[in-house]
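Take a look at the structure below.
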Amino acid sequence: MNINPTIDSALRVALITGSTSGIGAAIARRLSHAGYAVVLHSRSTAKTGHAMAAELKHAIYIQADLALEADRIRLVSEAIAAWGQLDVLVNNAGISRVIPHGDLAAATSAVWHELHEVNVVAPFHLVALAESALRDAARCRRAGSVVNISSHAGVRPKGASIPYAVSKAALNHVTRLLALSLGPDIRVNAVAPGLVDTPLTAEWTGAQELWRERAPMHRAASPDDIAHAVAMLVASDYLTGEVLLSDGGLNLT
Ligand code: NAD
């Protein structure tokens, strides 16, 4: 179904979760400027989402709580219905909890379950829901790709908390396992950012100092640095199963 007949058949459509702020907003803007129709999404910032959709060419906004299975199902079905196709899924939405790694009691079961549901189960489930449309994209337009936004905390023993780092490590493993089972139709990659300047990290002065002093690039990433890495992976015809560490070289020190 194509409910928007004014759109030409060469158009490609991307759904970017968590795209009204931070890294997701930068990814949505970059893909939009590259010619994609974009489906914007967030859990609660509907006003911002509708304003962004009005500003970008060929864009819609859908609100959904990714902790809820019914919302995930509705999000993917409404995203596909908008233009009758889906070429790219960017699983960017995620949550973090700051807990000192030595404070084991503070990392409760509730925290583990909450982070696992949003950061691991939801991205996997969204890929499962989008699989058929992404295979169609591969058949009809040589498209069909997924990019998961994980974290350097899922690659190295670091991060805001142990449950957060483990959830991102799991997402990296999901990335590789899905690349194996969905290729060659659907490519699945991840970008693992280090520190990124977003409202979330504005108060993380210790981390900012660390990046300024130790990282070869002497700065945190901007959201657009990460969007650039995502666009590179999306544009490839070949890369799959990659976890692209994007930390300004901090891991080398
Ligand atoms: P952000 O808070 O600006 O964006 C997070 C987005 O996720 C928001 O749009 C929010 O609506 C969405 N979201 C959270 N829980 C949701 C839920 N239950 N249902 C639906 N949407 C939900 O933060 P950001 O820094 O731009 O983070 C984007 C991604 O990048 C996250 O996955 C985060 O873990 C990852 N990341 C960020 C950094 C960093 O330094 N900022 C570093 C590494 C990885």
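Start at 1 and go down the list; that is how both ligands and their atoms are numbered. Because the structure is predicted, anything quoted here is derived from the model rather than measured.
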Under 4.0 Å from ligand 1, counting heavy atoms only: the protein residues, by chain and number: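 For ligand 1, the residues that come within the 4.0 Å heavy-atom cutoff are G18, S21, G22, I23, H41, S42, R43, A64, D65, L66, A67, N92, A93, G94, I95, V118, I149, S150, S151, Y164, K168, P193, G194, L195, V196, T198, L200, T201.
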Can you name the residues that form a salt bridge (Lys or Arg N to Asp or Glu O under 4.0 Å) with [X], not counting sequence neighbours?
{"X": "D237", "answer": "R142"}
{"X": "R139", "answer": "D136"}
{"X": "D87", "answer": "R141"}

Test side chain to side chain contact (heavy atoms under 4.5 Å, CB included) applied to S145 and V234, step by step: CA-CA 7 Å; S145 121; V234 167; 4.2 Å; yes
Electrostatic pair D185:R135 at N-O distance under 4.0 angstrom: yes
Pair R74 + E69, salt bridge at N-O below 4.0 Å: no
